[in-house]
Amino acid sequence: MSSKPRTLYEKIWDAHVVERRDDGTCLIYIDRHLVHEVTSPQAFEGLRVAGRTVRRPDLTLAVPDHNLPTTPRKDVDGKRLPIADRESAQQLAALEKNAPSFGIRYIDAVAPEQGIVHVVGPEQGFSLPGTTIVCGDSHTSAHGGMGALAFGIGTSEVEHVLATQTLLLTPSKTMEVRVEGVLGAAVTPKDVVLAIIGRIGAAGGTGFVIEYTGNVFREMSVEGRLTVCNMSIEGGARAGLVAPDETTFAYLKGRPMAPQGADWDRAVAWWKSLATDPGAQYDKVVTIDASTIAPSLTWGTSPEDVVAITGVVPDPMSFADPSKQVAAQKSLDYMGLTPGMRMQDVPVEHVFIGSCTNSRIEDLRAAAVVAKGRHVAPNVRQALVVPGSGLVKAQAEAEGLDKIFIEAGFEWREPGCSMCLAMNPDKVPPGERCASTSNRNFVGRQGPGARTHLLSPAMAAAAAVTGHLADVRELVEVA
Amino acid sequence: MDAVKQVEGRAFPLALKNIDTDVIIPAHYLKTITRTGLGKGAFETIRAQPGNVFDDPEYAGAKIIVAGDNFGCGSSREHAAWALLDMGVTAVIAPSFSDIFSGNAFKNGIVTVVLPQEAVDRLVEVAKTDPITVDLEHQVVTTPFQDRFAFEIDPFRKHCLMNGLDEVGMTMARDNAISAFEARMKADRPWL
Ligand code: SF4
């Protein structure tokens, strides 16, 4: 390899090139493949029709998450309860059959480790620094928080990876997003990533892989980095990365699928060599002063529609771009908001704390601090807390967080994607408004006609207990 | 994907123009979790008509369709190709095809043969009583009556079809390179 200084992205890419073609396209080796029930059935069928096998079942892990109801999955006798929705049941049954018949490790719906693929991967130590990770789901970018090159793929590519453990790819451009300085009170990783998408725009990262640098990310927990990288795709980037460091290694050590013993030491040594070299060039650099980031949320139907909680609903005419003016007006009509309205005056009927963006233990702790000793407001019809995995749920219960939520009037559910995309029965009814810790506020994402405001777990809890979008800083002692 | 060098057998004579993807496979079959089994929904609207060719025992097991202009127009659904494959059809002969359909057909190992209208008319007649042969290697369609209709095909597609190479198959053909990479990976990063 040349001695030219390289970025983290380039180092991971170079380490995975099986073959390089004349036109620059590379056959890239895939180290880790996560499979869930929605995008895999036709891929397995394709293999079956062609009489093919899975090349590396040992590098593949299947977990059901999207369709699973979050209500109890077993009856009092411990028997599995049937799934009412026929199509969901069919997709789940297909995965349950396909995984073992192709020799793939499968975490079933009632296993203690079950959860959202993007929560389970890091938690199990399946997702490792310096690896290439794919899954038939765009938020695979989350695993970039481990220092892995991770991105979503389509069903035909799922089949390609199952059969060959590779993908044909063209290299992306690199973007450095550097956030330096001191974050304000109650500003969380979710606020940081919302602020970034607000600045670069929902298409700002198109064609790029983002590397997040600066003291803010160096000082951030692995869980926080997962939250940030998760939403890279909402800024248009295929993937996001944070360089692996001591924080990453401490998080990973001892996890069930992480390397052990001598392998561990070798792995750490290699992981340490991955950081971007001094003098390496990014194709684009964006810098943000941490002190300018407030607790934030979205007002519209694009994740770039970001405003501080102290702000107001913008006037569509205030945007310079005429197409954005039209889009903003459409968003406001859909969202049932008028320009100039204070965000804090907007009432909500639903609160969702969950999704692969914000359903890990630190997220639940942050929400519980706000919920503790308070009660969900009478106008809030449903406040759901959906842990990202069975292990997160168990940890939260060991810490008594479930009691705090239940006493405050929240529903404490079984792990899964839930109200993030409303493929299971958890939906926001038409015209109703949800304060949600998920990652997409698209039209109809949480159910037909549903209105979504993306925000942090603490802010979601604040909305639940006040009955409207609220500044969490007014509810908790902030240092 | 199976390699196709030659498709020989009875053919469904379907002289209609603009057979669209909704005719080939109606939308209500798209919720499936499989690519197989779509044959039962194929040409549903045509099959609803008494005396249609698809239910005529004369054509049982036919592997070829001879059709009119613009076969496969409409949506991009790959289900159309999957449905044909599931009913055992591996070649379609027509004066023209929609681009998307012929791409999907190719990806699934179905040969699309473009011939002039007069040739297609003649083949529709032959199909009613006798088998037809699509010889991909020599790029010619023949009948038991000494008919010979030469056709053009993209050399890359021909190569892929004749060797049974779909995209997955083509990468699988790089097995040596992938195995070599895996050996390096095992040495350099044994923890994976
Ligand atoms: S939680 Fe939402 S974004 Fe994450 S994997 Fe599930 S559906 Fe996708």
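Protein chains get the first letters and strands the later ones, always in sequence-line order, with residue 1 at the start of each.
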Q: Go through A/Trp264, A/Phe44, A/Trp271 and name the one with the most non-hydrogen pairs under 4.5 angstrom from chain B.
A: A/Trp271
(Q) In the structure I gave you, are the side-chain heavy atoms of B/Asp175 and A/Arg55 within less than 4.5 Å of one another anywhere? (A) yes
Q. Relative to chain B, which segment of A/Leu162 carries a heavy atom at a distance below 4.5 Å: side chain, backbone, both, or neither?
A. neither
Q) Of all the residues in residues 163-170 of chain B, which have a heavy atom that comes within less than 4.5 Å of a heavy atom in chain A? A) B/Asp166, B/Glu167, B/Val168, B/Gly169
Q | Contact listing (chain A partner; residues 179-192 of chain B; heavy atom under 4.5 Å) | A | B/Ser179, B/Phe181, B/Glu182, B/Arg184, B/Met185, B/Ala187, B/Asp188, B/Arg189, B/Pro190, B/Trp191, B/Leu192
Q. Should we say atom CG of B/Asn18 is surrounded by more than 12 heavy atoms from elsewhere, each under 6.0 Å from it?
A. yes
Q: Check whether A/Thr164 gets within reach of chain B through its side chain, its backbone, both or neither, counting any heavy atom under 4.5 Å.
A: both
Q. About how many Å separate CD of A/Gln165 and OG1 of B/Thr171, when rounded to the nearest 0.5 Å?
A. 12.5 Å
Q. When only pairs under 4.5 Å are counted, which of A/Met257, A/Arg56, A/Gln260 shares the most heavy-atom pairs with chain B?
A. A/Arg56
**Q.** B/Arg148 atom CZ: more than 12 heavy-atom contacts under 6.0 Å
**A.** no
(Q) Is A/Arg32 close to chain B through its backbone or its side chain, or both, or neither, when contacts mean heavy atoms under 4.5 Å? (A) side chain
Q. If contact means a heavy atom pair closer than 4.5 Å, which residues of residues 35-63 of chain B contact chain A?
A. B/Arg35, B/Thr36
Q) Which bit of A/Thr131 comes within less than 4.5 Å of chain B, counting heavy atoms only: side chain, backbone, both or neither? A) side chain
Q: Answer with side chain, backbone, both or neither: which region of A/Val17 has an atom nearer than 4.5 Å to a non-hydrogen atom of chain B?
A: backbone
Q) Can you say whether A/Val49 sits under 4.5 Å from chain B via the side chain, the backbone, both, or neither, judging by heavy atoms? A) side chain
Q) Which members of residues 117-133 of chain B, sorted by number, sit under 4.5 angstrom from chain A on a heavy-atom basis? A) none
